[in-house]
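One structure is given here, and the rest of the page talks about it.
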Amino acid sequence: MKIAIIGVGTVGSAVATAVKNTGFVHEIVLFDRDGIRARAAAEDLGHAASFGFDVKISAVSNYRGIRGSDIVIISAGANQKPGETRTDLLNKNVAVIEDIVPRVMANVDAKKVKIIVVTNPLDVLVMLTQKISKLPAARVIGTGTMLDSARLRTILSRHLSVSTQSICAQVFGEHGDSSVVAWSGVTVGGFSLDEFCKQLKVSLPATTRNTISHRVHNAAYEIIQGRGATWDGIGASVSDLLRCIINDERRILTVSCVSGVQNAVAMSLPRVIGATGVIATLNPKLSSDESAALRKSAKIIKKNYDNIGK
Ligand code: NAD
């Protein structure tokens, strides 16, 4: 399995680290328009790899070097500075996608390649990548709200004193400020959240739930404020998604993809992921407030997409 990572800044490097540690990938090639940075990353990661799985890591100086890649990860482009929203990155990163995707497509096998989009604003760029690449929508996947869902599970786990592994809690919609925390579908060890709280005498009133939703929405801003950027969470999200694809695991992940649901907007919904990419999309059962918030989120993504170039 050969993986190409385009854009080897903070996020691309974290993705490479997490991917090499899966043990499922035999070759990782790194491309960045800053060739010195890509070569330095390949050196450092290569040294790290010598302690673990046997994986060949190299920097390539042009797109011909990505030939033979099964999966291409796009993590290039401007990141958020403190106070900036993901949408603020739109015009800069549209240009990045317009630069990268045609070059990628000229050097991969369009019949089988999958593209994973990480660059923000994520959902809009998934739509743009799918349009430019002309790949089937099922093979252009954005990490979407995988990370937001992980944040929700982590915060809930601390409140409930139970492992994140026992919590099924999902965030849908935009990977951005309008994402929707689907409280109505949260289960813990197969129990509804209310039933779990009742039996274990845990108090989780509406005010606490609102605070948790707020923390999920603001997690990236807080991390950027304290650390300058976010990288570990997204690195782990990408490697989990990759593992699911490579092993045809058919787990349900909240990834972004253009689908007929919500008028062909790319947004995160529960999707079955396997070797061919997105195998199926589920329509979650939501409360009326959550459904309205999801429709609003879809409209925001569509509006941002329509604003490209304006
Ligand atoms: P960074 O500035 O550290 O790195 C970006 C890299 O992209 C740089 O090395 C730059 O040289 C390269 N680059 C820019 N334009 C390029 C082009 N046209 N071709 C090739 N390389 C190019 O930024 P970062 O912190 O790594 O963030 C990268 C992106 O990931 C940002 O858009 C950020 O918002 C996004 N991100 C997404 C998530 C998510 O959950 N989806 C999480 C964190 C960050």
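The chain is numbered in sequence order, starting from 1. Not measured: the values here are computed from a predicted model. Order of listing sets the numbers, starting from 1, for every ligand and every atom in it.
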Min over D99, D232, V8 of heavy-atom distance to atom 18 (N) of ligand 1 lands on D99
Residue pair P121 / L89: nearest heavy atoms and the distance that separates them: CD-C, 4.0 Å
Nearest non-hydrogen protein atom, atom 9 (O) of ligand 1: D32 OD2, 2.6 Å
When you measure from atom 40 (O) of ligand 1 to every protein heavy atom, which one gives the shortest distance, and what is it? H175 NE2, 3.1 Å
Tell me whether the count of non-hydrogen atoms from other residues, nucleotides or ligands lying under 6.0 Å of CD in Q199 goes above 12. yes
For L89, the ligand 1 atoms with a heavy-atom partner under 4.0 Å come out as 34 (O)
Shortest heavy-atom approach to atom 14 (C) of ligand 1 - which of Q80, E84, R33, E98: R33
Taking only non-hydrogen atoms of I234 and a 4.0 Å limit, the atoms of ligand 1 in range are 38 (C), 39 (C), 40 (O), 41 (N), 42 (C), 43 (C)
Under 4.0 Å from one or more heavy atoms of T230, ligand 1 contributes atoms 42 (C), 43 (C)
Are more than 12 heavy atoms from other residues, nucleotides or ligands located less than 6.0 Å from atom OH of Y221? yes
Can you list the ligand 1 atoms lying under 4.0 Å from a non-hydrogen atom of N93? 32 (O)
Which part of L122 is near ligand 1, with near meaning a heavy atom under 4.0 Å away: side chain, backbone, both or neither? side chain
Between the side chain of R271 and the main-chain N/O of C257, is any donor-acceptor distance below 3.5 Å? yes
Would the distance check show the side chain of N21 and the main-chain N or O of T17 forming a donor-acceptor pair, the cut-off being under 3.5 Å? yes
Got the closest protein heavy atom to atom 25 (O) of ligand 1, with its distance? N79 ND2, 2.9 Å
Test item: side-chain donor near acceptor, T85 and D88, under 3.5 Å: yes
With heavy-atom distances below 4.0 Å as the criterion, list the atoms of ligand 1 near V11. 24 (P), 25 (O), 26 (O), 27 (O), 30 (O), 43 (C), 44 (C)
How far does CE of M1 sit from CD1 of I28, to the nearest 0.5 angstrom? 12.0 Å
Among all the protein's non-hydrogen atoms, which is closest to atom 41 (N) of ligand 1, and how far away is it? V118 O, 2.9 Å
Could you give me the CA-CA distance, side-chain angles and deciding distance for V162 and L200, then say whether side-chain contact (heavy atoms from CB on, under 4.5 Å) is met? CA-CA 11 Å; V162 69; L200 268 72; over 6 Å; no
Could you check atom 4 (O) of ligand 1 against the protein and tell me its nearest heavy-atom contact, residue, atom and distance included? G9 CA, 3.3 Å
Taking every non-hydrogen atom, the tightest pair across S268 and D123: N-OD1, 4.1 Å
For L147, counting its heavy atoms only, list the atoms of ligand 1 lying under 4.0 Å from any of them. 40 (O)
Distance under 4.0 Å to a non-hydrogen atom of A76: what atoms of ligand 1 satisfy this? 7 (O), 13 (N), 16 (C), 21 (N), 22 (C)
Which bit of T10 gets closer than 4.0 Å to ligand 1, counting heavy atoms only: side chain, backbone, both or neither? both
For S75, which part has a heavy atom under 4.0 Å from ligand 1: side chain, backbone, both, or neither? backbone
Which is closest to atom 35 (C) of ligand 1 by heavy-atom distance: L30, N120, I74? N120
Partner of H175 under side-chain hydrogen bond (donor to acceptor under 3.5 Å, both in side chains), picked from T145, T143, D148, is D148
Of the listed options S256, G7, G77, A78, closest to atom 5 (C) of ligand 1 (non-hydrogen atoms): G77
Output the list of atoms in ligand 1 that are nearer than 4.0 Å to some heavy atom of T143, sorted by atom number. 41 (N)
Using heavy atoms and a threshold below 4.0 Å, how should the contact between R86 and ligand 1 be classified: side chain, backbone, both, or neither? neither
Count the heavy atoms belonging to other residues, nucleotides or ligands that lie under 6.0 Å from NZ of K2, then report whether that count exceeds 12. yes
Polar side-chain atom of R86 near backbone of Q80 as donor-acceptor pair, under 3.5 Å: no
Heavy-atom donor-acceptor pair, N93 side chain to A78 backbone, under 3.5 Å: yes
